[in-house]
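Heavy atoms only: backbone and side chains are in, while hydrogens, waters and symmetry mates are out.
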Amino acid sequence: MTSKPDAPAVETGMLKPIKATEVFRKYESMFFFVVLIILNAFITPEFLEWGTLRNTLVQVFPVMMVALGMTMVISSGGIDISVGSIMAISGATTARLYVTGVSSLGLEPVGLAPALACGVAAACMCGFLNGILIAKCKIQPIIVTLVVMIAGRGLAQIILGELSTSLLFTSFADFGSLRIGGVIPVQMLIVVVIVAAMIFVVKKTNFAKRVEAIGDNRRAARLVGINTVWVTVGVYTLCGLLCSIAGNMEAARISVVNVGSLGLLVELDAIAAVAIGGTAFSGGKARIMGTVFGAIVVQLVTIIVNMNNIPDKYSLLFKAVIVIIALWTQRKK
Amino acid sequence: SKGPSDTSDSKSQPDDGKTVEGPRVAYSSVGDPNPWFLAFSAELEKEAEKRGFNFRVTHAQAKVEKQIADVEDIVVQKPDYLVLGPVETKGSADALRIAKKAGVPVIVVNRDIDGIAGEDFVTKIYSDFEWIGEKMCELVHDAFPADAKEIKVVELHGTAGGGNTIGMQKGLRKKMEAYPNMKIVSSQPGNFDRATAMKAMENIIQSGVEFDAVVGHFDEESIGAIQALKADGKKTGSNPAEGEIIVVGNGGTKDGLKAVKAGLYHNIVSVTPYYAGQVFDAIEAHAKGEELPEYIRVDDIVINKENIDEHMASGF
Amino acid sequence: MTSQLANEDYLLKMKGISKSFPGVKALQQVDFCVKPGEAHALMGENGAGKSTLVKVLTGIHQRDNGEIVFDGNSISPANAAQAQHAGISTIYQELNLIPDLSVAENVFIGREPRKMGFIDWKTVETLAKDILDKMGLEDVDVGEPFTRQSVAVQQMVAIARAVSISARLLVMDEPTSSLSEKEVGILFDVIRALKKKNMSVIFISHKLDEVFEICDRATILRDGRLVGEYPMQDLTKLKMISLMIGRDAESVLERKREAADGLGDRQAVMAATGLSRGRKTREVSIDVKTGEILGVAGLLGSGRTELARIVFGDHKQESGQIKVNDKPVSMKSPGDAIRLGFGFCSEDRKEEGIFPNMSVMDNMTMAILPKLSKAGVLSQKAQREVAETYISKMRIATSGPDQLIKELSGGNQQKVLLARWLCKNPVLMILDEPTRGIDVGGKSEIESIITDLADKGVAILMISSELEELIRSCDRIAVLSEGKKVGELNAKEISEDGIMHMMAHGHDAREDVHDE
Amino acid sequence: MTKKIDTTRLIRSQGPLVTLLVMCAVAACWFPEFRTYDNMANIFKQVSMTGLISIGMTFVILSGGIDLSVGSIAAVASVIAARLSGGVGLFAVLVPIIAGITIGAANGVLITRAKIPPFIATLSMMLGARGLAFIMADKGGAPVGADKTAWLSQISKADLLGVPWPAIIFVLALVVAILVARYTPFGRSVYAIGGNEEAAVMMGLNVSRNKMLVYMICGGLAGVAGLLLTSRVNSGQPTAAAGWELIAIAAVVIGGTALTGGVGKMSHTLYGVLILGIIRNVINLYGKLDYWYIDLITGILLLAVVLLQTRIAGKQAVKP
Ligand SMILES: Nc1ncnc2c1ncn2[C@@H]1O[C@H](COP(=O)(O)OP(=O)(O)OP(=O)(O)O)[C@@H](O)[C@H]1O
Ligand SMILES: Nc1ncnc2c1ncn2[C@@H]1O[C@H](COP(=O)(O)OP(=O)(O)OP(=O)(O)O)[C@@H](O)[C@H]1O
Ligand SMILES: [Mg+2]
Ligand SMILES: [Mg+2]
């Protein structure tokens with residue numbers, strides 16, 4: 001009323017009732033999720049069971065954590081392909097301190113909590129380094145994270161002092177396969193907490209707005225006084241933090257830290273999850289719930305293939321098709 | 001093992017490969033991030049030092065094309081011998097041709113390769129994977145009472161196309177013909193990797209397939225299976241009568257041995273990485289002009305609850 | 001065949017054109033006709049639908065309804081290439097050339113002269129040089145990347161490209177918004193020459209003087225609807241404005257601001273001495289006092305923008321000093337300047353202003369996030385309040401605070417960007433071409449907002465290529481030429497002639513220097 | 001005065017070349033074998049496959065896109081070539097290349113018609129084509145043996161006047177690509193599209209068609225690379241060429257081409273390709289690195305090269 005007496009023919013009425021296609025776009029990853037569930041309820045025996053849900057969530061855990069970090073990175077207009085190596089570095093740091101100790105420094109193995117703290121710190125450092133190289137040295141994100149991806153595994157091996165360290169029969173490994181009350185895997189609990197925290201961050205904080213602004217127009221962001229260097233560093237550090245959760249929990253679950261294979265190729269699934277989730281690759285709004293369902297959809301494909309005894313090679317094709325359909329339906333005209 | 005400090009020492013005084021007098025041996029490793037290859041490579045290096053050889057190594061990161069390039073780079077330096085751990089039976093064969101053209105004799109290790117002994121290479125030395133496959137089959141069979149009606153087996157196999165995977169698959173199936181009550185109900189890739197095997201096992205369990213035994217192509221796969229079964233509340237061990245699932249595998253890793261000792265892992269057929277001595281024996285024999293057989297078998301053994309203590313230290 | 005006769009009098013006939021975007025009917029049943037050899041003005045307020053009509057014509061947007069007859073044929077171009085092929089050459093409102101290619105290449109890309117199938121670079125460069133020389137751009141090195149040129153030169157290059165495509169119809173959507181009078185003069189000479197060759201021109205501008213000078217007829221749009229088509233001689237400025245806004249024009253008439261008095265005694269909010277940076281800024285000293293509006297005038301490329309950037313901490317000065325409230329400050333980034341209470345509205349709306357995929361609300365409040373939040377947690381309610389206040393205060397045509405800014409018309413985007421800084425209550429506001437692309441009504445609104453701000457004690461540094469605008473609102477005007485300050489005029493001395501003289505003086509000096 | 005500026009300018013514009021020369025000088029001092037003709041020929045031979053892909057990738061990146069599917073395309077082509085190697089030689093050569101072009105065209109369709117961002121479109125294609133390679137391979141995804149006697153298999157082994165054929169193919173393709181990029185309307189429009197796609201559309205360039213072409217060229221060159229791979233390893237490798245996309249991207253970027261598109265030189269990609277090849281070669285010549293140091297050193301060298309390059313080239317207009 002008060003505004004625009006001579007505004008153009010804006011039909012306020014039209015904007016309110018949201019169109020079906022828009023609903024679809026907004027909740028698209030969830031739509032795929034539902035379709036996959038329904039489809040499988042018919043074709044896959046034993047599909048609609050608690051065990052399947054549990055398997056899905058436990059197996060998708062590292063991908064989901066990494067994808068959440070990746071969502072923020074992509075929202076800032078960047079990309080991080082070093083996530084798998086950061087998982088390995090984090091796991092290696094924890095395992096070295098927790099299992100082996102550092103004999104050359106006369107360091108005996110330490111307790112789980114300090115070891116984990118160091119593991120998390122190491123991953124954050126890697127993220128920090130990524131951010132500095134990108135924002136300060138102005139090297140393109142894909143190259144910086146490629147370097148960290150390559151060098152990271154070597155570094156992880158040096159940290160660990162060997163290729164793989166076993167966590168078998170340790171209380172950390174027990175934690176990794178812990179089921180609360182004998183039913184709910186501990187991973188599920190962590191997912192709920194982290195996702196809630198991420199949603200809060202994205203919906204409510206200045207930080208997320210600044211990240212989005214940088215992703216949308218870096219130059220303009222600088223001119224409204226956003227410290228683009230530190231926000232970028234913050235984003236990659238956050239991604240590192242989430243990688244550390246992924247890396248350590250996965251190591252605990254499989255009870256080994258093998259720096260050659262921990263987190264290997266996780267970046268592909270994570271990127272696919274973000275894409276299905278609808279976060280734009282040109283930067284912009286981070287869509288956390290989209291990524292969550294995107295990750296589950298990616299994982300469901302693998303699980304379905306396994307459960308139906310379809311040769312593994314087809315799951316690659318299925319993933320490709322799903323990502324394409326997802327992106328095709330949410331494309332902007 | 002060789003620590004970081006060693007390397008930085010040798011780096012600080014750049015050498016052109018002539019610091020150690022004596023025959024020069026280069027090793028082209030598969031360079032897979034698998035403890036076995038590192039153990040083998042370390043063995044070779046130790047043995048080379050002991051016998052006064054000048055030793056160098058390249059790691060192919062499990063990529064055939066990188067191995068070919070590695071060998072090309074190696075022969076430029078004209079070593080006296082090339083020890084070749086083929087990434088892959090067919091793909092790595094061209095490395096033989098390159099070495100031959102440069103006049104570098106080749107000793108093939110780890111796995112089989114396409115080529116003719118005595119012509120393309122001197123000899124090949126590795127475990128008998130077909131025998132290992134047969135042995136694993138036999139061990140599973142013997143764990144059950146002789147009158148068991150049906151023994152349903154899940155196989156978690158290694159990377160497709162690898163000589164060892166092919167050998168074990170072949171041996172397993174060949175021997176199974178002799179045991180009509182045995183049957184493979186599911187065969188999934190574990191890719192010698194614990195996480196992959198564990199996921200595969202979890203999904204097999206969830207799909208409701210029933211089984212009595214698991215055969216892993218490598219300890220990592222067996223342990224992955226044991227973990228998945230444990231998380232699901234199933235027991236593994238040596239006593240099928242009490243509902244325990246029999247897990248048999250190939251390997252001899254530290255974790256594998258630990259699991260045998262803990263009674264969770266029925267038997268291991270070893271695949272020893274400790275045969276560097278045989279490799280250098282072959283090199284020295286060839287240098288002296290002696291005739292060598294086209295295949296030198298590396299002997300493997302069965303590790304079980306009874307003999308676990310004497311092998312505990314040999315884990316890699 | 002049958003319609004031949006009717007079409008003879010018109011080169012272009014658009015009939016009943018409608019176009020809607022989600023939530024907005026940008027065009028409703030618009031008719032628009034252009035005769036051969038005429039310059040036809042397309043007029044309307046910001047958001048009236050001018051650019052949309054042009055884009056429908058050139059195939060960027062597909063119309064929902066209506067018919068286009070061009071040169072006797074019914075056309076429906078599916079993309080710009082088809083329209084160009086049909087004989088329509090266009091300069092779009094948002095500058096659209098290729099930043100990293102050379103100037104010469106930008107003029108010729110898509111139709112490079114070739115020798116044996118390969119591009120003949122020599123010919124490309126000589127031809128481009130010829131064309132640009134004719135447009136008064138003798139100084140431009142055609143081999144340099146396009147981005148290195150100032151916005152005005154870029155605009156001239158775009159014009160050169162469009163003109164050199166031999167077409168039947170030339171469409172110009174606000175070609176003059178960043179040009180100074182000299183360039184406008186050159187452009188008009190070009191247009192006259194084209195008219196002689198029986199080419200038609202569609203001319204869109206918010207500068208009424210220009211329209212009256214060059215155009216033969218005008219079509220006026222309001223809120224996406226056709227108001228009417230008029231021969232220029234039937235219109236007066238006042239009449240045109242009231243047709244555009246649909247009410248009496250009195251309220252939007254521009255008034256000269258009463259110069260603030262007692263300025264001499266006031267304290268300088270920002271005083272810079274001896275600022276230098278490369279060849280663009282040389283030994284410039286400048287100061288702005290509380291409640292003062294300082295204008296900065298100069299020809300294109302005279303270094304006005306560069307000066308503003310240095311003062312805002314976006315570019316580091318190589319020498320010189322900036323004092324704020326008498327204290328020397330060192331600014332490493334715009335963030336530092338903003339903390340000192342500065343605000344800066346860039347001339348390059350698209351590259352440096354808007355966050356295209358964010359809402360009007362977010363765009364407006366991006367510089368005051370800390371103010372609207374507690375412990376880093378942002379209050380959407382506060383954000384919305386600010387946005388709604390300024391949407392109504394500045395009469396921004398938008399469906400609401402949540403609309404994406406990229407969906408607004410150019411002028412309305414500009415208003416949002418101004419609001420971004422207004423809502424911050426700055427101490428010093430730096431405005432680089434603040435009214436670029438804004439309609440008559442908006443301009444006077446913005447001028448009065450700026451005046452109000454100054455009256456409240458905000459210091460304002462305003463760069464504008466429109467001398468009249470500077471003269472109307474400024475208390476003092478500094479004139480730049482070739483990166484140097486060539487003079488300063490206070491309220492009493494300000495006159496168009498005075499400024500022109502100074503700028504020209506500087507210009508002459510430049511020609512001497514430039515002879516390398 | 002002007003002359004001085006020109007030399008620094010020249011050095012700046014030749015950042016990748018300077019970096020390459022520095023590397024060569026260091027390597028040649030350190031390893032006598034590095035200087036041998038055989039070693040040089042090896043390096044060219046070894047980089048020929050990723051080099052071909054880097055050429056295609058340069059076009060793609062110049063156009064403002066990216067192609068992650070090249071490695072998978074090479075794998076598909078490799079398997080097809082091996083399957084056909086026993087039959088008519090011409091087919092064994094043409095069909096894999098056509099397959100590469102086809103997958104490239106599919107990328108193009110997804111990007112230009114379905115408007116899927118290149119990163120994602122080609123990521124899906126990377127997964128999909130890899131799956132395809134596995135499906136066409138032997139049971140369980142095992143490699144397909146190629147006919148060793150076929151002339152396909154000889155390409156990578158033979159040489160012309162001492163120059164290996166793969167190197168000749170690579171250099172020829174590079175020369176053609178340089179000419180195309182600089183002297184054809186297609187080449188220039190690739191730059192224009194990468195510089196500002198919206199503007200290119202509005203300037204009336206045929207953006208969709210040219211983008212299609214770019215991805216088809218890239219796919220086709222990946223197909224040729226797959227062919228050379230099969231020839232080199234005498235088998236069709238469904239798992240091979242993984243990570244080649246990253247090598248190619250790195251080579252292009254080290255060559256100074258901006259990932260944002262529109263800026264860069266085709267010829268400089270050669271330097272990027274050689275720099276990466278030399279890093280690998282030098283590590284092998286050294287031959288004493290522990291397994292776990294190889295990745296670390298490779299990464300550090302790569303970073304050093306990129307830093308050196310950006311330093312030499314000065315602050316380029318780095319858009320985010
Ligand atoms: N892509 C789009 N999506 C949604 N709405 C749009 C889009 N483009 C334009 N509009 C709307 O269409 C209307 C007309 O816009 P247009 O750009 O044609 O105005 P204009 O007359 O050119 O204004 P100005 O003088 O400010 O340039 C505006 O209300 C604008 O918000
Ligand atoms: N040779 C150049 N190299 C890099 N940037 C340049 C060059 N020439 C101009 N620019 C940029 O173009 C912008 C405008 O330059 P400048 O300050 O000289 O113009 P101005 O006086 O504001 O004139 P106008 O805005 O009318 O073009 C500045 O941001 C400046 O950095
Ligand atoms: Mg407009
Ligand atoms: Mg300016």
Side-chain angles (χ1 to χ4, degrees), chain C residues 51 54-55 58-61 77-102 104-121 124 145-148 154 157-158 161-162 165 167 171 173 350-351 356 406 516, chain D residues 1-3 5-6 9 12-13 61-64 112-113 117 175-211 256-265 313-320:
Chain C
S51 300
V54 164
K55 287 182 180 168
T58 61
I60 306 282
H61 291 323
N79 55 43
Q82 288 181 13
Q84 197 169 309
H85 204 249
I88 303 172
S89 166
T90 316
I91 303 163
Y92 295 92
Q93 180 175 14
E94 306 296 342
L95 257 188
N96 264 307
L97 295 186
I98 316 295
D100 299 302
L101 296 186
S102 71
E105 210 174 343
N106 265 295
V107 175
F108 277 105
I109 190 153
R111 52 196 183 95
E112 301 94 340
R114 272 176 265 171
K115 228 191 222 159
M116 305 191 318
F118 288 109
I119 296 173
D120 178 5
W121 285 109
V124 169
F146 184 69
T147 28
R148 296 258 184 87
Q154 294 184 358
V157 174
R161 174 185 168 84
I165 295 174
V171 185
D173 194 351
K350 200 170 161 200
E351 292 292 319
K406 69 175 174 193
E516 298 187 299
Chain D
M1 173 81 191
T2 22
K3 254 194 190 139
I5 287 174
D6 278 349
R9 242 201 203 171
R12 292 198 156 208
S13 65
I61 290 179
L62 280 176
S63 81
T112 59
R113 304 261 163 248
V175 170
V176 172
I178 291 173
L179 290 178
V180 168
R182 179 91 185 104
Y183 291 103
T184 65
F186 163 72
R188 299 321 291 171
S189 73
V190 169
Y191 279 85
I193 294 167
N196 185 347
E197 183 170 341
E198 201 191 341
V201 170
M202 291 190 171
M203 289 166 106
L205 301 180
N206 198 336
V207 172
S208 295
R209 193 201 62 190
N210 288 341
K211 272 166 82 175
T257 299
L259 275 176
T260 39
V263 194
K265 278 215 173 91
K315 291 236 158 45
Q316 290 174 325
V318 185
K319 292 183 244 159

Heavy-atom pair count under 4.5 Å with chain D, highest-scoring of C:Arg111, C:Gln84, C:His85, C:Lys115: C:Gln84
Option that, when pairs with chain C are counted at under 4.5 Å, heavy atom only, ranks first among D:Glu197, D:Arg182, D:Glu198: D:Arg182
Close side-chain approach of D:Met202 and C:Thr90, heavy atoms under 4.5 Å: no
Nearest non-hydrogen partners of D:Gly204 and C:Ala81, listed with the distance: O-CB, 3.3 Å
Region of C:Ile109 that comes under 4.5 Å of a non-hydrogen atom in chain D: both
Gap between atom CD1 of C:Ile119 and atom CG of D:Leu179 - 0.5 Å precision: 11.5 Å
Test: D:Arg188 and C:Glu112 ion pair at under 4.0 Å: no
Contact class of C:Lys55 relative to chain D, heavy atoms under 4.5 angstrom: side chain
Engaged part of C:Glu105 at the chain D interface, taking heavy atoms whose separation is under 4.5 Å: side chain
Distance in Å, C:Ile98 CD1 paired with D:Tyr191 OH, rounded so as to fall on 0.5 Å steps: 13.5 Å
Spatial distance of atom OG1 (C:Thr147) from atom CG (D:Asn196) [nearest 0.5 Å]: 11.5 Å
Segment of C:Asn106 engaging chain D (4.5 angstrom heavy-atom cut-off): both
Portion of C:Arg161 that has a non-hydrogen atom of chain D nearer than 4.5 angstrom: side chain
